[in-house]
**Q** 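Provided herewith is a single structure, encoded as C-alpha cells, for subsequent inquiry.
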Amino acid sequence: MTVTRPRQPAIPENPSLEGLEGKWRAIWAADGIYRFDRSKSRAEVFSIDTPPPTVSGQLHPGHVFSYTHTDLIARYQRMRGREVFYPMGWDDNGLNVERRVQLITGTTVDPTLPYEPDFTPPVAPDRSAGAVGKAKRPVAVSRPNFIELCQQVVPQLEAGYHELWSQVGLSVDWSHTYTTIGPHATRVSQRGFLRLFQRELAYRSESPTLWDVDMKTAVAQAELEDREMPGTYHRLVFTGPNSERIPVDTTRPELLPACVALVAHPDDPRYRPLIGRRAVTPLFKAPVPIFAHGLGDPDKGTGIAMVCTFGDTTDVTWWRELGLNVRPVVSRAGTLLPTSWGSPGWESLDPAAAQVLYDKLAGRSVKQAREAIVGLLTEAGLTEGDPRPISHAVKFWANGTRPLEIVTSHQWFIRYPDREALLQRGRELAWWPEFMRVRYENWVNGLMGDWNITRQRFFGVPFPIWYPIADDGTVDYLAPIAATEDMLPLDPTTVPAPGYAESQRNQPGGFAADPDVMDTWATSSLTPQIVCGWEEDPDLFVRTFPMDLRPQAHEIIRTWLFSTVVRSHYELDALPWANAAISGFIIDPERKKLSKSAGNVADDPMALIRRHGADAVRYWAAQGRLGLDMAFDEGQMKIGRRLATKLLNASKFSLSLGRAVEGRPTEPLDRALLIGLADLVDEATEAYERFDYARVIERVEAFFWPFCDDYLELAKNRAYGTSGASGQMSAQVTLTFAVETFLKLFAPFLPFVTEEVWSWWKNGSIHRSSWPESTPLRAAAGEGADPTVLAAAGEVLRQIRKAKTGAQVSMRAEVAGVTITADSVQLERIRRVEGDIRNAGVVTAPLHLAEGAEFSVTVELAAVVG
RNA sequence: GGGCCCUUAGCUCAGUAUGGCUAGAGCGCUUCCCUGACACGGAAGAGGUCACUGGUUCAAGUCCAGUAGGGCCCACCA
C-alpha cells in the first residue's frame, strides 16, 4: 500500500474521526517524521531513556497510561524545537521471561538433558502471544531447546507491544530499538562487567545468598517481596550451662540441627549471666555459644533467639558479626542435606544419637522436616506449651511461590558505591514529583551487602568468564579468567577461554565456563549506555548523553533507577539523566467493583483503542499526574472522543468562515480572545517545563470549550460579513490564529485529529511544527486590548440563554429587548461588544444599559409568531 | 516499627507550593432546544458540614499539631 500526504488540502464537508489513525500512522512512518536527526548538537537534543517493557507481562491499560505520559513530553519537546531521541527497547531477558515462556509452552528446564533437534513443545509457541499453556504437567526440556523456545516466543510477545505502541501513537524512532538479550545489549553488559571486574568493583564471592528453591536461583535484595504469612511459634527447650532449662521460641524448628548459637540483648537481665557460656541444643545435643548482640530483642519470644545457618537475614548478620560456625542443612532444592554428626563443625555430646535422629529428616522438604522434628521434640518432651499460631512477614521472590531460603554459594557481586555518593546523586537528580526522591533515599539507606548480579538461569547474558581446572580436576572458582573486550559478545560455554583450546573444556588442566547468567537488572542498569552508543558510537554518545529524561514507574525506583545511577556513576562519573519523571499506576477497577459485570474487555488496551480511538485513550492517560495513581475510567475516554470530534468540527467551521493572515484584529472581542490565548500559551508552556502535562490539557481544554460555546457564537455573524468588511477581517484573522494555536496546544495529546485538521490547510506535519508562542498573539491583539470584554460578553449571553431556556424556546428565538444594570466599568465593556452580543443572542433592539451597583440582566423575549 | 502519598459533589478529578470574594470541571442525573460547524450537538438546573479534632490568623480546602481510613515504600522471618 502506498500512502501519500494529501496533495490538495481541503476542508471536508463532514469531517470524521473514522480512519484517521491508520492513515496518519502510515504517513508518519513513510515520512519518518519521528526519526532522530543525529546531526544536532547535545544542546539541541532531548534524549529519553525509554523503559524497555518486560515482555513477561500481559498488556494492560497501565502500559498505555505511563508510556503515553512520556510521549506527551516527547511531542512537546519536539515542537519546542528539540531534536528528540526517543528509542524503544524490549526487556526480554531474565527470570520472569523464562517463567512466562515455560507457562506458554508448557515446559520446564532440565540442564542435564541433551539437545533434541526435533523437539516440539506441548503447546506450540506460535499460539496467540497472550495465551497461557494448557499443559497439565510441564515437559522437561534441555537448556538449548529451552533457549530456542524463548527465541521463538519472545519476538511474538514483542510484536504485541510494538503494535500497541504504534496504535497509541507513540512518537518513538523505531530505528533505535534494542532488546536486552540481543548482541548489542549483551556486548554492553559484558563490557560493563569486565570494566568493573578490572577495577575490582565486581568480584566473586561465596556467601550466604537468598535463594528461590523452585526456580533454583539466587535472588537479589531488590527482587524481594515480603508477604504476611501464618506461622507457628514452637518453644524449644535448650539446656543451659548449669543444666537449667532455656526455652527458645522459633518459627523454624526444622533448622534446629543448623543452630550455631543463641543470642540475647546485652541489657536483658534474664540472660546476662549466660553470656559467654554454652548451651546444648535439644535432640542433637550440640553445644552452642551464647552471645549478646544489639539486634537481640527482649520482647520477641522468650527474648533469646536461636541462630541458624541460615534462617533469616538476621542470622546472616549474626553469623558475620559474631564469627559463628556454619552448619548448612537446607539444599538448593529446599530439602534437608545429609550431615555427618561428630565430624568437624558438627559437634555433639552424643553424635551417634544425633545422627539417628537427623537421618529421619534428611532428604525431606523443609515443610515435611518441620512437622517431623516437632514430632520428635514433642515425643522427647523437649517443647514447652502448645504451638502458637502467629502471622509474620516472610521473604519471597516477587514472583515466587515458596519462601526464600538462604544458601551459601559462589556469586558475582557488584560493590555498591559509598552511601553518601549515592545520596548525592539522588540530590543532583530532578525528581518529578519531588517526593519520589524519598523512596530512593530509603532504599540507599537500607542497603545491605553488595549487589548480587548472578542468576543460575539460562535465557540471559552470560558472564564473559572462565575458570581454570587444576590437574586433579578441581575448578578454581576464585581465579576467574576474563575475556578481552574485542571478544564480545560471547558465550563462554561455546567460546574457549583465552590461551586455551576448545578441546581443553572441562578437562583436567583445562578450563570451565562460568555456568551462570547475569541478573536482568545488570543489563537494564545500562540502558543509557546501550541506547546512546557507549564505547561504540562516540558521535551519538556525545549528542545524547547524559540523557534528559528517565520516565518510569515508582515501584522500580529501587531497582532500575537506582542501579542505573550506580552504573553511570562508576563508568561515566555522571548522573545518567537530568530528570526522572515517575508515573503513578492505574488502580485496578476490580478492587472497587464487587462483580466483574463490566467484563474483562477493559483489560485489553487494543480493545479500548478500537472502541474510543487512540486520541481518546491518550486523553484519558493525560489526566494522570506524575506520581499519582489514577482509577481506570472509560468515561474519560468518551470525553476525549468528544473533544476530538469537537476539535474537528470547530476547526472546520472556523476555517470555512474564511482564513485571513493579513490584517490586524480591530474588534475588542477578537483582541480579548487573542490576549486570552497568549496567557494560555504561557501557562501551558510553563506547566510543560515542569512535566505537568496534566495541567496543560486541563487548562487548554478549559479555554477551548468557552471558545466554542461563546466566542464562536459571538463572532460568527461578523465573520460571515454581516457587519462589514472590517469586522469580518478582524474575526477571520482571529479565528485563524485561534485554530492554529489550539491545534498546536492539543497536538501532543491528540496527535491524530490535530494532524488531520492541520493537513486541511498547512504543509508538513504539525508534529514537526513549532510550539506556539505568546508574543505574536499579543502583538496581534495590539496595545491596550482589554481581555475582560470576552467574559463580560459571555456573561450577558449566558443570561439571555437562561431566559430562553426558562421560556423553553429555541436559542434562535428573537429577543425584543435586553436591559443590563451594572457598574460603569462593566457597562463600558459591554458597550464595546454590543454588536457581537446582539448577533449571538438574536436581540433585535439596542441594549438598554443602566448604571447600578448590582449586576442584572433583564431579557424581554419577542412574542412567538403564529 | 520508620517513612511517603492520598481523603473535596453519586463517580473521576482540579484547586493546597505564594491562605483571601457565594469551593471548580467533566461524567452521571433533571428539564428544555433539531438554531444555516457539530444531535457523536447545544442551553439551563439540582447536587459539597473540602475525612475528623484542635491551633495560628482579620481570614484556613489551603499553614501547624494530632486522629482515623485507603494505598505504597522501607525494616532484624527468633
Side-chain angles (χ1 to χ4, degrees), chain A residues 11 13-17 226-229 231 233-234 236 248-252 255 262-264 293-297 300-308 311-318 390 392-395 403-404 406 433-446 448 554-555 557-558 584-585 587 591-592 620 623-625 627-636 638-639 641-657 694-695 698-699 701-702 705 708-709 712-713 716 720 797-798 800-813 842:
Chain A
I11 301 171
E13 274 300 310
N14 295 300
S16 160
L17 297 175
D226 279 0
R227 294 187 201 161
E228 199 64 21
M229 299 285 290
Y233 261 140
H234 299 273
L236 317 187
V248 178
D249 277 346
T250 180
T251 55
R252 303 205 54 185
L255 294 179
L262 293 179
V263 168
H293 192 279
L295 290 180
D297 185 348
K300 272 195 181 164
T302 58
I304 188 162
M306 92 180 186
V307 186
C308 306
D312 58 35
T313 51
T314 319
D315 282 352
V316 176
T317 305
W318 282 329
I390 57 156
H392 61 167
V394 181
K395 287 196 193 313
L404 296 174
I406 298 175
E434 168 78 25
F435 64 75
M436 286 295 177
R437 177 184 287 114
V438 174
R439 303 210 180 188
Y440 173 87
E441 292 178 346
N442 275 349
W443 177 250
V444 170
N445 285 322
M448 293 190 304
H554 55 66
E555 70 265 28
I557 288 174
R558 64 171 173 165
F585 51 75
I587 293 168
R591 195 172 280 173
K592 308 230 156 196
W620 159 73
Q623 313 294 312
R625 269 136 171 103
L628 294 183
D629 299 342
M630 197 177 74
F632 177 77
D633 184 5
E634 279 198 70
Q636 287 296 320
K638 290 184 185 153
I639 300 165
R641 178 82 177 183
R642 200 165 70 102
L643 175 63
T645 304
K646 193 72 173 180
L647 194 54
L648 215 51
N649 283 311
S651 300
K652 177 205 126 183
F653 180 52
S654 300
L655 296 174
S656 62
L657 288 171
R695 175 176 289 263
E698 181 202 325
R699 305 306 301 168
E701 207 187 350
W705 286 104
C708 295
D709 297 337
L712 277 180
E713 291 300 322
K716 69 180 180 187
Y720 283 138
L797 186 58
R798 211 171 330 282
I800 294 172
R801 286 168 172 161
K802 192 169 180 173
K804 292 180 182 179
T805 297
Q808 302 195 347
V809 298
S810 156
M811 287 299 134
R812 286 213 60 199
V842 201

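In what follows, chains carry the letters A, B, and so on, assigned in the order in which the sequence lines appear, proteins first and then strands, with residues in each chain numbered from 1.
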**Q** Counting distance only, does the side-chain N/O of Lys804(A) pair as donor-acceptor with the main-chain N or O of Ser810(A) below 3.5 Å?
**A**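 No, because the side chain of Lys804(A) does not come within donor-acceptor range (under 3.5 Å) of the backbone of Ser810(A).
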**Q** Need one value for Gly446(A): base, sugar-phosphate or nothing, where a base atom within 4.0 Å counts as base even if backbone is also close, heavy atoms only.
**A** sugar-phosphate
**Q** Within the 4.5 Å heavy-atom criterion, are Tyr720(A) and Leu657(A) side-chain neighbours or not?
**A**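 In contact.
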**Q** CD of Glu701(A) versus C1' of U12(B): gap in Å, rounded?
**A** 13 Å
**Q** Under 4.0 Å, heavy atoms only, any strand: does Thr317(A) hit a base, just the sugar-phosphate, or nothing?
**A**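 It contacts nothing in the nucleic acid.
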**Q** Check whether any side-chain N or O of Arg558(A) sits under 4.0 Å from OP1 or OP2 of C74(B), and answer yes or no.
**A** yes
**Q** Where does RNA chain B form stems of at least three consecutive Watson-Crick or G-U wobble pairs, each pair having both distances below 3.5 Å?
**A** B:1-7 with B:68-74, B:10-13 with B:24-27, B:29-33 with B:41-45, B:51-55 with B:63-67
**Q** Using the C1' atom on both, measure G48(B) against C4(B) and round to a whole Å.
**A** 29 Å
**Q** Hey, are the side chains of Arg558(A) and Asn442(A) touching, using non-hydrogen atoms and a 4.5 Å cut-off?
**A**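 No; the side chains remain at least 4.5 Å from each other.
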**Q** Do the side chains of Asp629(A) and His554(A) get nearer than 4.5 Å, heavy atoms only?
**A**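 The answer is yes, as the side chains (C-beta and beyond) meet within the 4.5 Å cut-off.
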**Q** To the nearest Å, how far apart are Asp633(A) CG and C11(B) P?
**A** 12 Å
**Q** Using whole Å, report how far NZ of Lys638(A) lies from P of G28(B).
**A** 7 Å
**Q** I need the minimum non-hydrogen distance between Val263(A) and His293(A), along with the two atoms involved.
**A** CG1-CB, 3.6 Å
**Q** What is the distance from CD of Gln636(A) to P of C13(B), rounded to the nearest Å?
**A** 8 Å
**Q** C5(B), U12(B), C74(B): which one has an atom nearest the side-chain heavy atoms of Asn442(A)?
**A**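 Selected nucleotide: C74(B).
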**Q** Could you run down nucleotides 33-43 of chain B 5' to 3' and tag each one B, S or - for protein heavy-atom contact under 4.0 Å?
**A** S-BBBB--SSB
**Q** Sticking with atom P, work out how far G19(B) lies from G71(B), rounded to a whole angstrom.
**A**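 Comparing P positions in G19(B) and G71(B) gives a spacing of 33 Å.
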**Q** Can Glu555(A) and Arg439(A) be counted as an ion pair, charged N to O under 4.0 angstrom?
**A**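 Salt bridge absent between Glu555(A) and Arg439(A).
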**Q** Rounded off to whole Å, could you give me the CH2-to-P distance for the Trp620(A) and A14(B) pair?
**A**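 For the pair Trp620(A) CH2 and A14(B) P, the rounded distance is 14 Å.
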**Q** Can you tell me how far CG of Leu648(A) sits from OG1 of Thr645(A), rounded to the nearest 0.5 angstrom?
**A** 7.0 Å
**Q** When all nucleic acid strands are considered with a 4.0 Å heavy-atom cut-off, which category describes Val394(A): base, sugar-phosphate, or nothing?
**A** base
**Q** Taking atom C1' in both A14(B) and G1(B), what distance in whole Å separates the two?
**A**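 Rounded to whole Å, the distance is 36 Å.
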**Q** Please report the distance separating the P of G55(B) from the corresponding atom of C74(B), rounded so that it comes out in whole Å.
**A** 39 Å
**Q** Could you give the distance separating G61(B) and A23(B) at their P atoms, to the nearest angstrom?
**A** 9 Å
**Q** How about Glu713(A) and Met811(A): do any of their side-chain heavy atoms sit closer than 4.5 Å?
**A**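 No; the side chains remain at least 4.5 Å from each other.
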**Q** Using the closest heavy atom to pick a nucleotide of RNA chain B for each, name whichever of Arg252(A) or Leu797(A) lands nearer the 5' end.
**A** Leu797(A)
**Q** Does any part of the side chain of Trp620(A), heavy atoms only, come nearer than 4.5 Å to the side chain of Ile639(A), both counted from C-beta?
**A** no
**Q** How close or far is atom C1' of G1(B) from atom CG of Leu295(A), stated in whole angstroms?
**A** 14 Å
**Q** Between C77(B), C5(B), G15(B), which nucleotide has the shortest distance from any of its atoms to the side chain of Arg695(A)?
**A**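 Minimum distance to the Arg695(A) side chain belongs to G15(B).
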**Q** Only counting residues at least two apart or in another chain, list the ones meeting salt bridge (Lys or Arg N to Asp or Glu O under 4.0 Å) with Lys652(A).
**A**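 Lys652(A): no salt bridge (Lys or Arg N to Asp or Glu O under 4.0 Å) contacts found.
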**Q** Can you tell if the side chain of Leu17(A) reaches within under 4.5 Å of the side chain of Arg641(A), non-hydrogen atoms only?
**A** yes
**Q** Once you round it to whole Å, what is the distance between C1' of C74(B) and OH of Tyr440(A)?
**A**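 One finds 15 Å between C1' of C74(B) and OH of Tyr440(A), rounded.
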**Q** Between U12(B) and G20(B), how many Å separate the two C1' atoms, rounded to a whole number?
**A** 29 Å
**Q** Of the candidate nucleotides G15(B), C76(B), C72(B), which contains the atom at the shortest distance from the side chain of Thr314(A)?
**A**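 The answer is C76(B), which lies nearest to the side chain.
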**Q** With C1' as the reference atom in both, quote the distance from C6(B) to U16(B) in angstrom, rounded to an integer.
**A** 13 Å
**Q** If I pick the C1' atom on C5(B) and the same atom on G10(B), what distance separates them, to the nearest angstrom?
**A** 25 Å
**Q** In whole Å, what is the span from the CE atom of Met436(A) to the P atom of C74(B)?
**A** 12 Å
**Q** With a non-hydrogen cut-off below 4.0 angstrom, is Ile639(A) in contact with a base, only sugar-phosphate, or nothing?
**A** sugar-phosphate
